[in-house]
Amino acid sequence: MICTMSAAAVAVWLGTVVTILSRSHADRNVYPSAGVLFVHVLEREYFKGEFPPYPKSGDPSNDPITFNTNLKGYPDRPGWLRYIQRTPHSDGVLYGSPTAEHIGKPTVIEITAYNRRTFETARHNLVINIKAAEEFPLPYQAEFYIKNMNVEEVLASEVLGDFLGAVKNVWQPERLNAINITSALDRGGRVPLPINNLKEGVYVMVGADVPFSSCLREVESPHNQLRCSQEMEPVISCDKKFRAQFQIDWCKISLVDINKVVPVYVTRPEPGTGILPEFGEYKPPSESLKSRDYFSDFLITLAVPSAVALVLFFILGYTMCCRREGVEKRNMQTPDIQLVHHSSIQKSTKELRSMSKNREISWPLSTLPVFNPVSGEVVPPIHPDNYETTSMPLMQTQANLQNQITIPQQRPSGDNYVMSTFRRLEVNGIPEERKVAEALNL
């Protein structure tokens with residue numbers, strides 16, 4: 001059984017009633033002026049009463065609520081309208097500056113509130129009726145950059161009122177309006193690090209009906225322009241009127257007199273009807289198409305390059321394998337005196353190598369085996385790293401005199417060994433080893 005309910009959808013499971021509602025409310029109408037900042041706060045307290053009681057435990061007064069705003073019938077908002085909500089536990093804010101193009105055209109914004117704990121929704125429409133301002137636009141406009149605030153902080157009525165009051169004390173106009181507010185992130189600014197309570201920064205544009213004051217004109221002086229180019233703060237006499245609450249970056253201030261701005265007219269082509277001109281009926285190609293022979297294309301693209309590569313391969317192979325000169329031809333082309341020199345050098349090298357194999361020298365003491373005089377344990381000269389050598393003294397294994405060393409040597413002709421005995425002498429204080437005898441044919 002399927003039931004269709006216009007106001008609510010009720011699901012019943014095991015006696016527990018869970019209601020997920022989507023309510024629509026009457027339209028709310030607002031009347032902002034063109035060229036004047038429009039701010040509309042989406043208060044969470046207002047939407048909390050729209051959600052029915054939920055049977056599960058939880059604090060309904062602190063439910064996380066998020067908002068989704070879009071132009072009715074479209075997926076996004078108008079280009080002049082922005083929306084911000086920092087966290088689900090804070091209010092959402094719609095803000096922007098409508099233009100003269102929207103005067104007299106109602107703009108319907110659909111606002112959907114989502115309760116992230118109960119998954120309920122509430123919806124109502126905001127009808128924005130833009131009307132013409134008394135003086136639109138104001139001829140003198142100044143844009144300030146506030147470094148120590150985020151956009152949602154400036155949008156608060158108290159903070160915005162304090163800022164306009166400070167500007168009015170400096171400018172002294174008869175009419176002063178906030179024209180637009182833009183986050184520094186929308187101007188290409190970087191997200192600040194979460195340290196030292198850093199803020200994103202806000203651009204606030206205001207308009208007045210009188211020329212700029214002398215204090216604001218101080219920014220345009222050559223001295224302050226030089227300090228700004230050197231990344232130094234300019235010297236502004238009226239900065240103390242803002243310093244208590246607002247940190248103004250005077251190097252980024254913009255002063256515009258729209259009476260002196262030369263209008264730029266862009267000629268746009270007139271749009272057409274969107275219908276292509278008439279070319280008659282479409283005539284597809286006939287079925288009796290002539291067949292095409294692709295054999296010649298095959299020869300040009302594959303066969304010819306393959307044949308050229310094969311010829312080059314055979315030429316290279318013949319040159320490298322069949323045209324080798326050899327050792328005999330090399331010797332025939334080499335002068336005799338050069339061959340004699342080479343042969344003598346080769347013979348001398350072989351003779352020196354054979355002599356080096358037969359020479360008898362004493363082995364270093366580090367290569368002789370050592371033993372423990374107490375236990376008689378023989379230890380190789382190159383013992384492993386984990387062998388403990390500091391706990392007991394080790395002695396050389398020579399059984400002869402203190403100044404004699406006996407080492408085994410192998411004869412080149414066979415596997416027999418001889419013992420060569422050397423006597424250690426000192427000549428002019430320098431130790432010298434001399435061979436004494438060879439014996440003990442092993």
Side-chain angles (χ1 to χ4, degrees), residues 2 66-84 96-102 105 107-110 112 114 180 182-193 200 203 261-350 353:
I2 301 176
T66 58
F67 301 94
N68 182 34
T69 60
N70 62 280
L71 184 63
K72 187 174 183 179
Y74 295 89
D76 204 354
R77 297 174 299 276
W80 62 270
L81 189 63
R82 298 186 180 94
Y83 167 74
I84 185 172
S97 180
T99 61
E101 299 177 356
H102 304 89
K105 300 177 182 179
T107 303
V108 182
I109 303 298
E110 292 182 343
T112 305
Y114 297 91
N180 199 5
T182 307
S183 173
L185 302 182
D186 297 334
R187 298 283 188 92
R190 300 181 61 180
V191 178
L193 296 176
E200 298 171 357
Y203 288 91
V261 175
V262 178
V264 178
Y265 299 97
V266 179
T267 58
R268 298 181 180 178
E270 296 182 359
T273 59
I275 302 176
L276 295 177
E278 182 66 26
F279 291 104
E281 296 181 358
Y282 173 71
K283 295 180 180 180
S286 60
E287 297 180 358
S288 59
L289 296 177
K290 295 181 180 180
S291 60
R292 182 179 177 181
D293 187 11
Y294 292 96
F295 182 73
S296 59
D297 297 338
F298 169 76
L299 293 178
I300 295 175
T301 56
L302 293 179
V304 174
S306 301
V308 173
L310 187 61
V311 171
L312 294 177
F313 174 76
F314 280 113
I315 294 175
L316 181 63
Y318 174 75
T319 304
M320 298 185 64
C321 301
C322 302
R323 299 281 296 176
R324 300 185 63 181
E325 296 179 352
V327 178
E328 296 180 358
K329 187 174 182 180
R330 183 200 65 186
N331 294 339
M332 292 176 61
Q333 296 180 354
T334 305
D336 294 340
I337 186 65
Q338 187 175 355
L339 292 176
V340 171
H341 289 172
H342 176 73
S343 177
S344 62
I345 293 174
Q346 189 175 11
K347 289 180 181 180
S348 301
T349 303
K350 290 182 180 180
R353 289 180 178 177

Visitor: T107: what forms a side-chain hydrogen bond (donor to acceptor under 3.5 Å, both in side chains) with it, not counting sequence neighbours?
Guide: none
Visitor: If the condition is ring-ring contact (aromatic ring centres under 6.0 Å, His included), which residues does Y114 pass it with, not counting sequence neighbours?
Guide: none
Visitor: Once rounded to the nearest 0.5 Å, what's the spacing between atom NZ of K350 and atom NZ of K347?
Guide: 9.0 Å
Visitor: Taking side-chain hydrogen bond (donor to acceptor under 3.5 Å, both in side chains) as the definition, give me every residue that meets it alongside Y83, ordered by chain and number, with sequence neighbours left out.
Guide: Q85
Visitor: Apply side-chain hydrogen bond (donor to acceptor under 3.5 Å, both in side chains) to the pair S344 and H341, showing each step before the final yes or no.
Guide: CA-CA 5 Å; S344 62; H341 289 172; over 6 Å; no
Visitor: Please report the closest heavy-atom contact between P78 and I109, naming both atoms and the distance.
Guide: CD-CD1, 3.7 Å
Visitor: For N70, which residues count as a side-chain hydrogen bond (donor to acceptor under 3.5 Å, both in side chains) partner, sequence neighbours excluded?
Guide: E110
Visitor: Testing the basics here: between L71 and V108, what is the closest heavy-atom pair and its distance to 0.1 Å?
Guide: CD1-O, 3.3 Å
Visitor: Sequence neighbours excluded, which residues qualify as side-chain hydrogen bond (donor to acceptor under 3.5 Å, both in side chains) partners of R82?
Guide: none
Visitor: Atom CG in L81, atom CG in D76: separation rounded to 0.5 Å?
Guide: 9.5 Å
Visitor: Considering all heavy atoms of both residues, which atom of E200 and which atom of A184 are nearest to each other, and what is their separation?
Guide: O-CB, 3.3 Å
Visitor: Which heavy-atom pair separates L299 from P305 by the least distance, and what is that distance?
Guide: O-CD, 4.4 Å
Visitor: Which residue pairs satisfy the side chain to side chain donor-acceptor pair (under 3.5 Å) criterion with at least one member in residues 292-304, sequence neighbours excluded?
Guide: none
Visitor: For a quick test of reading the model, state the closest non-hydrogen atom pair linking I315 to T319 and the distance between them.
Guide: O-OG1, 2.8 Å
